[in-house]
Visitor: 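Have a look at the structure that comes next, please.
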Amino acid sequence: MIMKNTISKIILAVSMVALITTSCSKDKLAEIYPDPSKTSSASVERFFTGVLTASLDYVRMEYWRLFVVEQPSLGHYTQVMGWTNGEKQYEIAIGPVSDRWNAYYTGVMLQYREFMRLYNELPENEKPDYDIMRMAASIYFYDHSQQMVDIWGKIPWSEAGMLRTNNGDLVASKPKYDDGEIIYTAMLDDLKNMAESFKTLTISEGYQKIFTTQDVFLNGDIQKWRKYCNSLRLRMLMRVSGVSSFQSRVQTEVAAILNNPGDYPLIETNDDNVLRQSVAGTYESSGLQSAFETWGVYDIAPYTMVEHMKTNGDPRLQCIFEPGANANGEYIGLDPMLNATAQGDQLTAGIVARYNGVTFTRSKMYPGWLCTAAEINFHKAEAYLKILNNDGAAKTAYEAGVKNSILFYYWINQQSLEGSPTLETPSDGVINAYLQSAGVKWDGTANKIKLIGEQEWIHTGISQMGHTWAEIRRLGYPELNFVVDNQSTQSLPPVKWVYPSAEKNLNGDNYAAVSDYDDPNKKVFWDVN
Amino acid sequence: MKKVTLLLALFAFCSWQTVMAQKTINGVVTDAKDGLTIPGVNVVVKGTTTGTTTGLDGGYSLKVPANAPTLVFSFVGYETQEVAIGTQTLINISLNPTAEQLQEVVVTALGIKRDQRALGYAVSSVSAKEITKVGTSNFGSALYGKATNVRISAAPGGATSAVNINIRGTNSITGSSTPLIIVDGVPIRNGENNNQSYWDDQRIRGNGLIDINPEDIENVSILKGAAASALYGSEAANGVVLITTKTGKSGKKGLTVDVNASYFMEKVAYLPDYQNDYGPGYDRGTNMGSFGSDDQGWLKVNENGTEYYRPIYRSYAQFGPKFDGRDVMGWNGEVVPYTAKENNMADLYQTGFGSMINFAVSQNSDNGSYRFAFTRNDDQGIQRSNKHHRNSFVFNSNFKVGKRVSMDMSANYINQYTKNRAYRMWAIGANYGGFFSRFDDMQWYLDAYKTSLDYKWDRYDVDPTKTLTYDERLKYHIRAYDLLDMLWNMNENSQEEFNNRLLANLTTTVDIFKGLKFRGRIATDYTSDYQESRNPNERPISLGFNSGSFGQAHSLYTIAYGDALLMYNKDITSDFAINANLGVTGRKEWNTWTNRSTRDGLSVRNWWSLNASNNENPYSGSGYRELIRYAYLGTLQFSYKNWAFVEVTGRQEASSTLHPKSNSFFYPSFSGSVILSDALQLPKEINYAKVRASYGIVGNPPEMYKANNAYNLGSFLGTIYNSVPAAYGNDMIKPEEKHEFEVGLETRFFNSRLGFEFSFYNAILNGQILELQVPTSVGASSMLANVGKLKNQGFEFAFWGTPVKKTDFQWDARFNFGFNRNEVLELMPGVDRLEHYDIDAGAAKIVSEPGKPMGDIICFMPMKDPDGNLIIENGEYKVDFSEMKTAGNVQPKAVGGLGNTLSYKGFVLDFLIDFRWGGEIMSLYNRYAEGAGMFKSTLPGRDADNGGVAYYVDGDGNKVASSASAGPNGETIYHDGIILDGVKEIKDENGTVTGYAKNDVIVDAATYYLDAFTWGANPSWGSGMSRYDLSIYDNSYIKFRELSFGYNLPKSLISKIGLSNLQVSLVGRNLFYLYKNLPNMDSEVLLGSNWINQGIDTGTSTASSRSLGITFRASF
């Protein structure tokens, strides 16, 4: 009897333990099916911030963007940095190309599509409250989209990013490639509509509060978004200003923007710059330092730019560069026309200038640039010059561009958290003297496009290498020399990037339509120069 | 009586000897049927623990108390016999084989022990002896060649690297091919490993199975087919490995003490066949044009008024000046002779070692048994700074509570310390930035990678204001900066892992009434892991450099398991029996982790604290994962006259990794067997013959949370935001299902001197789950989908025999062979082919297409004329870039092994050869190194001695063949011309090809190798002549895997010191290849558990090692 009892106790005990571990109801399984680190709820305003924080790696000066993707390619094509010549140096590395592509499509494109899906699902009467968010998100998305078109010419766009919207239907979601003209047109149309909407936009205090909270770029300042919107329009209009099919549009819209500054305000002073700023202590950037210093020396000053700055007494020289340690204070850029051994000797001797350690390399506060006053002033100068035939206004804008650029670089220098002493802002006298120097002076210079091209190049330089490259290709200035690499079929820098291989293979039918165009020596549509 | 040695004093309690009057009994034990002697027979004085075993000659000698009445002779497979001693001192007896001598008990699903003859499916069983024979530190690598159609792949890197087991080919396109590992009935943590690309984790990781100490394993059973593993349902598609650990019951009655020890030396093996003739430099055009060298590749340097030569140190290629011993200015700043350093690669490694000591005590009695064992392993790999040790404690007991209840308890505690796991070598294997020349002495790099102030090396062009040791900077722009970085990372950075794991298991069995048993089991596999990384400051803080880091990571991984089973056995009639089981099983797995590390460098040099973080917000992360699976299961078996068997099983399972609407699945199996040798009257030479057949369904579920589509929630500078993950899930995903049909035949002949086993199987694998790569332009990086259907079909053949069996000499041989053929049957709509791996930006790919086996290697092929001759353009290959064609397939066709044991008196020689037949590999390591002119295979054509064609370059730049000593205008004659075999196109004035002529255009050797083997293949880049098909190799091999030569010391000798057995062996592992096709590297150094990674050598693996050692095995 005692034995029976023991047995039944043991059976009972073991069964209970076994049942506890296995007695998981269906409910329990359902409860732990979702990933605990994710959420199933989302709101339009939170997704708005999701759009603004997407693809930030290509806004800020991040290590991968610089070291892997842009410096070895765009950095060489634009000569905004010095480099040692090597074998096959102009061939496009497909890995970095893919990284840039994927950062756009699985970044801002993906987030924007989901944001728009949620926005479109809002009841009609609520949509107006979120209009400002839709517009701001679109402006940010178009800025990135323009950069993509400027690199590749034709990209999947109107049908791209729809897998989620199509509930996972892969076949239906494979997008066609759109011509650059089509994309520019669509963006210009929408930006124009927004520019009109801004005129009458009203927003209740409650929604303004939400917008202010969620707008991590411009802190809910609607006027700044409005300026960004119009500036983006001007930038795009100037990009296509040489394309015949855009002629009338460029004429009309540029005139409308420049003649009605009240209706179409632009970014004209550094206060309105659209930047992704660092925040001391919490959101600092060490991307430049990593890119320049981690794997050796990549902060070499380029020859042609340093020469231009030296020759004309550019106040930015000491702010952007610093002399080599053994150069006795002389600024010497690394000449790309020397052979690698001779370049190596110069570098070994320690006489080659570097990017300024305080402004760039060691600054924790170097901002990511989206749109700056200097750039927009240069576009204005070109527009007045070529389209509105107003040389006086062109000169004013040009000089404002140069001045804003100088002040902006000094401001960046002064933001640096690097311990070394920062530089004092140059006086108006110094700036004016520079504006009168032979290579910069507006009056009396025949080739004013060259002036604008060179100034844009110095200004956007390494900070917006995509724009720098686009404007060099479009304007044809500055004129840069490259050694010809006879060991490679790509003997000089390309004028466009090739498509990532995954895209070719996995969306083959649509790729086939553009495969002829997939050639690094075929131009982007606005590159009519 | 003072014969006890010092060692034995420790364990004296187990070797007491009486001082009573004794006498010695001698004799020989033979087989009653064939008269041959039987070694290993237990001879015990009845009722005592006094006993011995017979030697190889069947003889024994035993001291017994004068009044001892009876001797008991027992041996597995024979009837135990008792003999009254009386006054005899010579007792020769013969033992009768037991009627059930052919019955072997095997462990099957859920730990149910079954008679082998009753099984309708194949089970491969490997014994303890086989596993510990050559002293491997894990049981996985001990299985090489021993189980039919089971392929082992051990990652290089030593004792801490993962070992992967692959059963009957690749069963899942996902890449998960690792079987479920069950220890004493309980699933344990194993896991995928090393599938990352070279941008990710640089260390070679381990997996869960290597923690299990081979010395504690009694037996490994491998359930291959779906019917065998159907009771494990959704986790068994890749097969199941069942491990039974040793218990007190395994040994003989009474107390046993075993002491085993081994010591190994590890030497780097299979290094490439380097050329030792030429130093750094590119082709002549580049050397002169881009670097300003002379036509031999020399640069002149002036050092303090003296002129020296130096080669182009920046070159990754080795087509520079020939080694001639002249004085050159080295990149380390010293004048050194220009010679090849033939051991520079070997010097990167060190001699490693491994040692093991194991001590086990077990006791077995009628009321219970226990076994306690402790094992200590120490290892140091061939990579510098690597260290590992493991303490393994096992306690295992069985006791009876009354007559009907028995309890089994086991606990295995494993404590491990690992420092600096082997590093992947991608920096020097697959990266032009790490290629070093044969001219370079490894010591130069070892001296250069850190400065005298223990900071990281400085480049030649370092800014003088950014270093404290400007004088120590590299003298020139060299190539292998990445080697310097790798040496820094390997030797200065430290990553320590402290790992504690507990496997515990409590099983209760209750005899409820005759024939009905209840068995309940609870178990856990608990792992606690702490990792600490200490990366010292690389550059001085005082100069404004933020570097160095300190990080801590904790993780806990727990599996809780329980099952309850009612087991019923009943003979319904004398001929007809029934066996049924009914039960429930459940498992919960959860994993939590937290990690923190400093951000933006250490504020105080080498201060190992999170407080040293320069940024006040250190990196931190944490996570939680949970998984539950449970199932109801039942089995029902009928047997007729113990020669016909039929079995049905079923498992109804539910899992949390699937959407709640469709998370429940049923997995059935049917099997049967007939023992022909009992059912029919067969010739007497056939001792045993069985036919069997089975059919079953098993599954393979998606990974945790992969299916779930949800949003990320983040915070950006305090603002909460939502975003969509780039990986698109799929709530409607179904588990993969494997339907497998199998037939087999098992036989034994000639008194079991010979036997073979044959199986044929056909498996259809439905609903393959893949994180399908999609073009990112659709707005996702991947999507989870049931992409297609596969088939695996094959046969297995195992053969064993004893060709020679003499009194003193015996030869046993075992051979097995498994052949598998895989085919993709269909893919989902919209997917024409799956692209698993993109090699070098679309130069080649690994793909799967319907109608072909998974894993075709495709690439652009050279153009051919209509007669099949290669077309040569401008002296180099012309590649057809219009489409990619299949150039190979990564699936091995067959695997197998041959084992032999030769014993002569006390000597035993045992060796194992294993092989892999078929299956191609894309070897990028070979490719890049050939393109860089590093291997002997790139010597042809370089000079007159190597068949180079003599030529001069005329004024138009054409290379003109010439046998004169100078060209017509005094041009230099070079001897490095190559005329490729093939034809050149003849074109008319419009450029249309009108015909072909034999190629006679000369290309210089350097240009040929640089172009044909360069990274990438694309007509619009410089790699338009690049031929990836030349880098695909058949990866068949035959390897002399294991050798052991042992000696069992004579009983007469060792019994005097109280030992019952003492064996000393010299052993070797991974010894040499009898055949291999892949040049310059070990055929097996591939990394990654994923089948795709087994088809491509990305050059990231480290070298493998050869082990030589000695083992001791002693029993008291």
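Chain A is the first sequence line, chain B the second, and so forth, proteins listed ahead of strands; every chain is numbered from 1.
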Visitor: Does this structure show an ion pair linking B/K466 with A/E293, if we count only N-O contacts that are shorter than 4.0 Å?
Guide: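 Counted as a salt bridge, because a side-chain N and a carboxylate O are separated by less than 4.0 Å.
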
Visitor: Should A/V279 and B/L717 count as side-chain neighbours, where that means a heavy-atom distance under 4.5 Å?
Guide: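 Of all side-chain heavy-atom pairs linking B/L717 with A/V279, at least one is under 4.5 Å.
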
Visitor: Which bit of B/Y481 comes within less than 4.5 Å of chain A, counting heavy atoms only: side chain, backbone, both or neither?
Guide: neither

Visitor: Is the shortest distance from a Lys or Arg side-chain nitrogen in A/K504 or B/D838 to a carboxylate oxygen in the other one below 4.0 Å?
Guide: no

Visitor: If you count heavy-atom pairs under 4.5 Å between each of B/G842, B/S723, B/S655 and chain A, which one has the most?
Guide: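 Of B/G842, B/S723, B/S655, B/S723 has the most heavy-atom pairs under 4.5 Å with chain A.
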
Visitor: Side-chain contact test, heavy atoms from C-beta onward, threshold under 4.5 Å: evaluate it for B/V774 versus A/L170 and give yes or no.
Guide: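 Heavy-atom side-chain distance check passes, below 4.5 Å.
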
Visitor: Looking at B/L627, B/N617, B/L713, B/L658, which makes the most heavy-atom pairs under 4.5 Å with chain A?
Guide: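 Most heavy-atom pairs within the cutoff with chain A belong to B/L658.
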
Visitor: Decide yes or no for B/V778 and A/P175: does some side-chain heavy atom of the first lie under 4.5 Å from some side-chain heavy atom of the second?
Guide: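 Yes - at least one pair of side-chain heavy atoms lies under 4.5 Å apart.
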
Visitor: Side chain, backbone, both or neither: which part of B/R599 has a non-hydrogen atom closer than 4.5 Å to chain A?
Guide: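 Neither part, no heavy atoms under 4.5 Å.
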
Visitor: Test A/Y33 against every option in B/N663, B/D731, B/T657 by the side-chain contact (heavy atoms from CB on, under 4.5 Å) rule and name the one that passes.
Guide: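 Single side-chain contact (heavy atoms from CB on, under 4.5 Å) partner of A/Y33 among B/N663, B/D731, B/T657: B/D731.
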
Visitor: Go through the atoms of B/D283 and report whether side chain, backbone, both or neither lie under 4.5 Å from a heavy atom of chain A.
Guide: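 It is the side chain, since no backbone atom gets that close.
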
Visitor: Return the OG1 to CD1 distance between A/T49 and B/I720, rounded to the nearest 0.5 Å.
Guide: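 Going from OG1 on A/T49 over to CD1 on B/I720, the span is 9.5 Å.
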
Visitor: Go through the structure and list residues passing salt bridge (Lys or Arg N to Asp or Glu O under 4.0 Å) with B/K300, not counting sequence neighbours.
Guide: none

Visitor: Under a 4.5 Å cut-off applied to non-hydrogen side-chain atoms, are B/Y721 and A/L52 in contact?
Guide: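 Not touching, per the 4.5 Å side-chain cut-off.
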
Visitor: Under 4.5 Å from any heavy atom of chain A, what part of B/K845 do you find: side chain, backbone, both or neither?
Guide: side chain

Visitor: Taking the side chain as every heavy atom from C-beta outward, state whether B/D463 and A/E322 have any pair of such atoms under 4.5 Å apart.
Guide: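 SC-SC contact between B/D463 and A/E322 confirmed.
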
Visitor: Is chain A contacted by the side chain of B/Q773, its backbone, both, or neither, given a heavy-atom distance below 4.5 Å?
Guide: both

Visitor: Just checking, is any N or O donor in the side chain of B/T776 or A/N102 under 3.5 Å from an acceptor N or O on the other one?
Guide: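 Note: B/T776 and A/N102 side chains meet the donor-acceptor criterion.
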
Visitor: So do A/K364 and B/N546 actually touch side chain to side chain, heavy atoms under 4.5 Å?
Guide: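 B/N546 vs A/K364: side chains touch.
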
Visitor: Give, as side chain, backbone, both or neither, the part of B/P829 having an atom under 4.5 angstrom from any heavy atom of chain A.
Guide: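 Backbone only.
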
Visitor: Heavy atoms, side chains only, cut-off 4.5 Å: are B/R310 and A/T341 in contact?
Guide: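 Side chain of B/R310 against side chain of A/T341, heavy atoms only: contact under 4.5 Å found.
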
Visitor: Can you confirm whether B/R459 sits close enough to A/L347 that some side-chain heavy atom of one is under 4.5 Å from a side-chain heavy atom of the other?
Guide: no

